[in-house]
Structures are given as structure tokens and as C-alpha cells.
Amino acid sequence: MAGNTIVVLTGAGISKESGLSTFRDADGIWAKVRIEDVATPEGYRRNPAMVQAFYNSRRSHLLSGDAHPNPAHLALARLEREWPGEVLVVTQNIDDLHERAGSSNLIHMHGELLKARCDLCGTVSSWAEDLSADSLCPDCRHKGRLRPHVVWFGETPLAMDRIFEALGRCVTFLSIGTSGNVYPAAGFVTHVRSRLNTRTVELNLEPSLGATLFHEAIYGPASEVVPAFVEALLGG
Ligand code: APR
């Protein structure tokens, strides 16, 4: 149905109850390692082994069998199935919990932990093992040029044209589990609100930096507030 699009932005908070760390909570990732060391091109040039080890440990945890989609991920997959229009999930997360929950209309704007990119030929491949200086690109076969297919600070997020095209026509914009610290994602709500007759809702554990930019806000753990909100949206 035209004119019935929902865009959902998600952040690390939606995966917290699946056992994956957020970034800026007191126990978050940036309380343990420095962004400059593990999430910038300069950090990677300075010490590639440290950066590979940082993502290798997160990748193996994600694949360990301890991390599973939670009811919030499952509710968004239900919304995609049952909503009489397009539902696009734009996630800042690099985990695959949305996919495993059943979401298929999905954009990973900050890349994916289970993919590697070759610095030489640019090929992006699925990757479930540790990455190291000995890793071979499956395409050009060169060694030691594979990096995590993850967008670092100072790099350009992925699929921005597709994201802004959807933001330009959505009737409802949901922001779930994100602190509103990082742009361009933190600016999406303002882009949607610039149009009349749109509905913007923040669903988060606590008010984000952009809380006042939303028409509505619902606070609580994602695994509780998201299924309830989807149920109400679907007229359940
Ligand atoms: N349910 C809902 N929200 C939660 C929960 C929960 N159980 N637990 C935490 N949150 C909220 C926090 O209150 C916080 O507002 O999730 C948000 C997580 O914020 P961040 O840790 O900043 O993560 P995120 O917003 O996704 O970070 C954006 O920053 O470091 C970069 O690339 C990284 O994609 C990441 C980006």
C-alpha cells in the first residue's frame, strides 16, 4: 500500500536483553575500550591486531549460542509480516538478531559483524571465523587485507540513499534502543518531523538525547514495550 510505510531505527538497546552489550551504558563497551583504538581507521592502521581481536571476541560471542533474538526483535519481524504496508528496519547494530528473528526488509547502516571486507578488491564476504593477518580474501586471494565490514567513526554509513528515500515517505518513524548520540541516525527523527502528518515515537529504557524531538515516547525494556506497541499498531 502506498503511503503506509513504517521506518524503524534500532540501536544497541534492542539487543541488550539478548545479552549483547550497549556502548554508552555504565557497563557499556566504551567504558572498557577507547573508540579511537578500536572503532576508527586510524586505530586500525595503528594496531590492526588489537582491532581484529576486539571484533573477533564480539563475533564469537554472537555465534556462541548464548545470544538469541528477544521479543522486541520478534515483534518487529511480526510487524513486517502483518503490517498493510512496508516496514523497513534500519539498524545501527552489527549483530544478526533482526535476521534471526525473521526481519528481511533490513538495512545495517553501520555494517555487519558476520561479514568481512577486502581492503584490496572491496569484496564483502560472509565471515564467521576470527579475522587475522593470515586471513585470505575469498575473491582476490590476497592475504592480510580483510577487515570487519563495520563502519568506523569518520567513515560513511551504508545505504544512506535508500534510508533517506524511505524516511521521505514514511508515515510512522520508530526509534528503539538508541541513545541519540551518533549521527546521521540521531537526525532521522528531525527529517521525518519536517513533514506533516507523520508520527514519531521513541521506545527506549530512558529518554535519549533526542527525546524531545519525538511526538511520543514509551520507556521501558524493549522486550516489553516493543511487543506491546506492535500489538497496538496491528489493532490487536
Ligand atoms: N531496552 C531498551 N533500551 C535499552 C535497554 C533495554 N533493555 N538497555 C539499554 N537501552 C538503551 C539505553 O538507555 C541507551 O539509550 O539503549 C541505548 C543504547 O545507547 P548506546 O549504547 O549509545 O548505543 P547506540 O545508540 O546503538 O549507539 C549508536 O554508536 O558506538 C557507536 O556504532 C556504534 O551503532 C553504535 C552507535
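We count ligands from 1, going down the list as the structure has it; atoms in each ligand are counted the same way. Quick note: numbers below take in every heavy atom, side chains included, and nothing from hydrogens, waters or symmetry partners.
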| said: With nothing but distance in play, are any N or O atoms of H110 less than 3.5 Å from an N or O of ligand 1? | reply: yes
| said: If we set the cut-off at 4.0 Å for heavy atoms, which region of V182 has an atom near ligand 1: side chain, backbone, both, or neither? | reply: side chain
| Which atoms of ligand 1 sit under 4.0 Å from any heavy atom of E17? | 1 (N), 6 (C), 7 (N)
| query | Heavy atoms only: which of T10, N181, N204, L209 is nearest to atom 11 (C) of ligand 1? | reply | N204
| Does any N/O atom on G11 come nearer than 3.5 Å to any N/O atom on ligand 1? | no
| Backbone or side chain, does any N or O of F23 fall under 3.5 Å from an N or O of ligand 1? | yes
| Parallel under 30°, tilted from 30 to 60°, perpendicular over 60°: which one fits the rings of F188 and F164? | perpendicular
| field | Heteroatom distance test (K16, ligand 1): nitrogen or oxygen, under 3.5 angstrom | value | no
| query | Should you measure from each heavy atom of E206, which atoms of ligand 1 turn up under 4.0 Å away? | reply | 13 (O)
| Relative to the ring of H73, is the ring of H98 parallel (under 30°), tilted (30 to 60°) or perpendicular (over 60°)? | perpendicular
| request: Using a strict cut-off of less than 4.0 Å between a Lys/Arg side-chain nitrogen and an Asp/Glu carboxylate oxygen, indicate whether E86 and R169 qualify as a salt bridge. | output: yes
| said: Evaluate I14 for polar contact with ligand 1, using N/O atom pairs at a separation under 3.5 Å. | reply: no
| task | Examine the proximity of ligand 1 to W152 and report which part, side chain or backbone, both or neither, has a heavy atom under 4.0 Å away. | result | neither
| said: With nothing but distance in play, are any N or O atoms of A12 less than 3.5 Å from an N or O of ligand 1? | reply: yes
| query | Nearest to atom 12 (C) of ligand 1 by heavy atom, D25, V151, V226: which? | reply | D25
